[in-house]
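What you see is a predicted model; the values in this text were computed from it and never measured.
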Amino acid sequence: MGPQLVQFTRPQSSRAGRDAVSALCQGVFEPLPRADQRRKAELYVRGLLTARGRKTMRNIAAHAGMPAGEQSLHHFISCSTWDWRPVRVNLAAQLDALLNLRAWVVKPMVIPKSGAHSVGVERRFDAGSGHMVTGQQAFGMWAVSEETSVPVSWALHLPDETTLAGCAARAVLDLAETRTLPRLPVVVDAVEGGAETVPAHLAAAGLPFLMEVAPGTPVQVTDPQLPGAAAEVSTAGHVVDVAGALRRPVRYEDRGDRSVHTGFVAALRVELPEPAAGPRRRTRTRRPLLLVGEWTDARRRPERYWLTDMVTAPPALLMRLAHLSRRIESGATDQSDRVGMRDFEGRSFQGWHRHVTLASAAHAAAALNARQSEVRQTERMAAAGGAWSGAPVFAGGGGGGQGLAAATGFGGYASAARRCSA
């Protein structure tokens, strides 16, 4: 039996926001085995949504109507045995049913810490602030539609992991292993190294990808447009520099705000070099990839480098997918901070995962409520003009992959089949 999908309807009372949270929580927390766990999960989400300031256990308990419940919530998050993975699966299913999802986007999140005793804390560089910080490095997988972005899965980088890119992939693979994750493109940030490990994992999960990489990422050219460059391993940055004459203008639309973006791209067929394995080279079938260099100003060096296995996709479609990741950079993380995504006070691995799972549900509730308000305003304007058609509160309901399938011919990559049964 698949995840329980809850039908969202237009609330008719002043309890609209509360009813919407209840409806979301009913479906998302259905896998929790006990009624008291489902009740506490919803109270925790409500506390995250209503508490002001830092989301401490005391603050959450007070705003969730549990002034003496701080210890109970602490036990529920840090010491209980409930598994967060089925909750994340249901959250992804709910969003897939309510929104016209376009992609899964994986982005890093640095969580500053004042001490060194929490799990995963290291001294690291924070690209957002441009400074070295003491803290945790996490990666979130976001469900992204044209209008809305919501995190659904998380991975926490641990000191014994070799690459950050492997941790980023794990945020996706933890849900992909359940075989319920809709087969949408995965846009992943692998700029900080380890990109060569990601494609095989995502291919095994049946998920197409568009991966941002560093200019130093090793590649081997197979494109006949550069016949002299195919003999040896080079770097993404060097290959794109050599291919500057192949640069072409690109124009694409952000269908969320209807803004139009222009730039330049150069795209070439490449493979990842075969990794050495002791005295012999490991044998495997190397997969064709497309290396894309992206410019906003043709007089300067490329701003970004991308690798994708969607080798026949039009450049405008790839850039539109890439643009989805920038939306998270430019504002969606603010909503996560408002619901306390970085505010977990505990030190345990399990507690951290449970907190960010419930914070993701709170983010979803806030995002869906905002989307609902926008649709209501549109309906009121349409009704005033005599043209309201009675559209549903949440537009979408699946089919997010059909546009990709139509544009690329990759029906298997962006299957429109819904994997979530009621």
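- Looking only at side-chain heavy atoms (C-beta outward), Thr217 and Thr235 stay at 4.5 Å or farther from each other.
- When all heavy atoms are compared, the tightest approach of Leu32 to Ala41 is CD1-CB, 3.9 Å.
- The heavy-atom pair separating Ala103 from Leu321 by the smallest distance is CB-CD2, 4.1 Å.
- Between Trp82 and Phe76, the angle of the ring planes stays under 30°, which puts this pair in the parallel group of the 30/60° scheme.
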Output, in order, the C-alpha distance, side-chain angles, deciding distance and verdict of side-chain hydrogen bond (donor to acceptor under 3.5 Å, both in side chains) for Arg46 and Ser22. CA-CA 9 Å; Arg46 293 189 185 283; Ser22 294; 2.6 Å; yes
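- The backbone N or O of His75 sits nowhere less than 3.5 Å from a side-chain atom of Ser78 that would complete a donor-acceptor pair.
- Counting heavy atoms from C-beta on, the side chains of Leu268 and Leu290 never come closer than 4.5 Å.
- Inter-residue side-chain proximity for Val87 and Arg354 is flagged as unmet; no heavy-atom pair is nearer than 4.5 Å.
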Kindly indicate, with the supporting measurements, whether the criterion salt bridge (charged side-chain N to carboxylate O under 4.0 Å, His left out) is fulfilled by Glu192 and Lys107. CA-CA 12 Å; Glu192 296 189 56; Lys107 297 298 291 184; over 6 Å; no
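- Considering CG of Leu175 and CZ of Arg88, their distance stands at 7.0 Å, rounded to 0.5 Å.
- A donor-acceptor contact shorter than 3.5 Å links the side chain of Asp189 to the backbone of Val191.
- Under the 4.5 Å side-chain criterion, counting only non-hydrogen atoms from C-beta, Leu73 is in contact with Ile60.
- Counting heavy atoms from C-beta on, the side chains of Leu91 and Ser360 come closer than 4.5 Å.
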Would Glu253 and Arg258 satisfy salt bridge (charged side-chain N to carboxylate O under 4.0 Å, His left out), going step by step from the backbone distance to the final call? CA-CA 6 Å; Glu253 180 185 10; Arg258 300 301 179 185; 3.5 Å; yes
Verdict with supporting geometry, Phe139 and Gln137, side chain to side chain contact (heavy atoms under 4.5 Å, CB included): CA-CA 7 Å; Phe139 286 87; Gln137 173 75 72; 4.0 Å; yes
Any chance you could lay out the side chain to side chain contact (heavy atoms under 4.5 Å, CB included) test for Arg301 and Asp241, step after step, and finish with the verdict? CA-CA 8 Å; Arg301 296 196 58 124; Asp241 284 344; 2.7 Å; yes
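- Each of Ile328, Val186, Val188 was evaluated against Val105; a single residue qualifies, Ile328, per the side chain to side chain contact (heavy atoms under 4.5 Å, CB included) test.
- Distance alone, capped at 3.5 Å, places no donor-acceptor pair between the Thr296 side chain and the Gly263 backbone.
- In terms of heavy atoms, Ala92 sits closest to Leu181 at CB-CD1, 4.4 Å.
- We find the CE-CZ distance between Met57 and Phe344 to be 5.5 Å, quoted to the nearest 0.5 Å.
- Nearest heavy atom pair, residue Ala359 against residue Met341, reads CB-SD, 3.6 Å.
- Here the side chains of Glu146 and Arg102 are in contact, with some heavy-atom distance below 4.5 Å.
- Remark: side-chain polar atoms of Thr197 are paired, donor with acceptor, to backbone N or O of Gly194 under 3.5 angstrom.
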Could you walk me through whether Asp297 and Arg300 pass the salt bridge (charged side-chain N to carboxylate O under 4.0 Å, His left out) check? CA-CA 6 Å; Asp297 186 343; Arg300 301 180 182 273; 3.5 Å; yes
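- For the atom pair Arg304 CZ and Trp295 CH2, the distance stands at 14.5 Å (nearest 0.5 Å).
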Please lay out, stage by stage, how Glu271 and Thr222 fare under the test side-chain hydrogen bond (donor to acceptor under 3.5 Å, both in side chains). CA-CA 7 Å; Glu271 293 177 346; Thr222 60; 5.2 Å; no
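- Here the closest heavy-atom approach between residue Leu173 and residue Ala205 is recorded as CD2-CB, 4.0 Å.
- Remark: the backbone N or O of Gly69 is not paired with any side-chain donor or acceptor of His74 at under 3.5 angstrom.
- The OG1 atom of Thr134 lies 13.5 Å from the CD1 atom of Ile111; values are rounded to the nearest 0.5 Å.
- Here the CZ atom belonging to Arg342 is positioned 12.5 Å from the NZ atom belonging to Lys55, to the nearest 0.5 angstrom.
- The pair Arg38-Glu42 fails the salt-bridge criterion, with no side-chain N (NZ, NE, NH1 or NH2) lying under 4.0 Å from an Asp/Glu carboxylate O.
- Although no hydrogens or angles enter the test, the distance criterion places no donor-acceptor pair under 3.5 Å between the side chain of Asn59 and the main chain of Ala51.
- Environment of CZ in Arg58: sparse, with no more than 12 heavy atoms of neighbouring residues, nucleotides or ligands closer than 6.0 Å.
- Atoms OG and CH2, from Ser153 and Trp104 in turn, are 9.5 Å apart once rounded to the nearest 0.5 Å.
- Taking the six-membered ring where tryptophan is involved, the planes of Trp84 and His353 are essentially parallel, since the angle between them stays under 30° and well short of 60°.
- Contact check for Leu24 versus Leu368: side-chain heavy atoms found under the 4.5 Å cut-off.
- For Tyr44, the side chain to side chain donor-acceptor pair (under 3.5 Å) partners two or more places apart in sequence, or in a different chain, are His355.
- Within 6.0 Å of CZ on Arg251 lie no more than 12 heavy atoms contributed by other residues, nucleotides or ligands.
- With contacts defined as side-chain heavy-atom distances shorter than 4.5 Å, the pair Val45/Leu49 qualifies.
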Would Val144 and Arg327 satisfy side chain to side chain contact (heavy atoms under 4.5 Å, CB included), going step by step from the backbone distance to the final call? CA-CA 9 Å; Val144 181; Arg327 184 190 306 158; 3.7 Å; yes
Given Val221 and Arg269, is the side chain to side chain contact (heavy atoms under 4.5 Å, CB included) satisfied, shown in steps? CA-CA 6 Å; Val221 177; Arg269 298 285 186 104; over 6 Å; no
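- Using bins of under 30°, 30° to 60° and over 60° for the plane-to-plane angle, the ring pair Tyr252/His261 lands in the parallel bin.
- A pairwise comparison of heavy atoms in Ala313 and Leu318 identifies CB-CD2, 3.9 Å as the closest pair.
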